[in-house]
Amino acid sequence: MFRPFLHHTLMAAGILLGSHAALAENRMALVIGQSNYRAVVPLPNPANDARAMSQLLGNAGFEVTDAADLSQN
C-alpha cells in the first residue's frame, strides 16, 4: 500500500520540478495538415485539425509554425 503512494508522490514531484525548466526554454511547434496524398482521395479534416492544434499550442505558449499539404521537396 505504501509503495504505490511513494511511486505517485515521486512522479508528481518529478513533473513539478521538471516543468520549471520547460517554462524557461523556447517552446516551438511544427504543425502539418496533410490532406493531399498520391494514393488516396483528399482527406477533408487535416486542415481543420491542424488549425485547431496550432491554436491550442499557441495558447499554451508555443511559437507555432504551421503548413498544409507539403511535398517531399
Side-chain angles (χ1 to χ4, degrees):
M1 183 169 143
F2 180 72
R3 194 173 191 145
F5 173 75
L6 179 63
H7 177 72
H8 289 125
T9 303
L10 289 174
M11 290 290 289
I15 291 169
L16 290 173
L17 293 174
S19 66
H20 177 69
L23 293 175
E25 297 176 3
N26 293 334
R27 301 173 85 185
M28 299 172 58
L30 172 62
V31 178
I32 301 172
Q34 190 74 19
S35 60
N36 291 329
Y37 292 94
R38 288 185 222 161
V40 296
V41 298
L43 303 173
N45 284 333
N48 296 332
D49 294 342
R51 196 170 18 261
M53 186 57 67
S54 293
Q55 183 178 3
L56 178 75
L57 291 169
N59 291 342
F62 283 81
E63 178 185 331
V64 180
T65 301
D66 52 355
D69 296 323
L70 299 177
S71 67
Q72 285 184 333
N73 295 335

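The first residue of the sequence shown is numbered 1, and numbering continues consecutively from there. Because only heavy atoms are used, hydrogens play no part in the values below, and waters and symmetry mates are left out as well, while side chains stay in.
The other members of the hydrophobic cluster of Met53, by chain and number, are Val31, Leu56, Leu57, Phe62, Val64 (side-chain heavy atoms under 4.5 Å, ILVMFWY only).
When all heavy atoms of Asp69 and Ser35 are compared, the pair lying nearest together is OD1-N, 2.7 Å. Between Arg27 and Gly61, the shortest heavy-atom distance links the atoms CB-O, 3.9 Å.
Side-chain contact between Met28 and Thr65 is absent, with no heavy-atom pair separated by less than 4.5 Å.
The structure places CG of Asn36 at 10.5 Å from CG of Leu70, a figure rounded to the nearest 0.5 Å.
Heavy-atom neighbours of Gln55 CD from other residues, nucleotides or ligands within 6.0 Å: at or below the threshold of 12.
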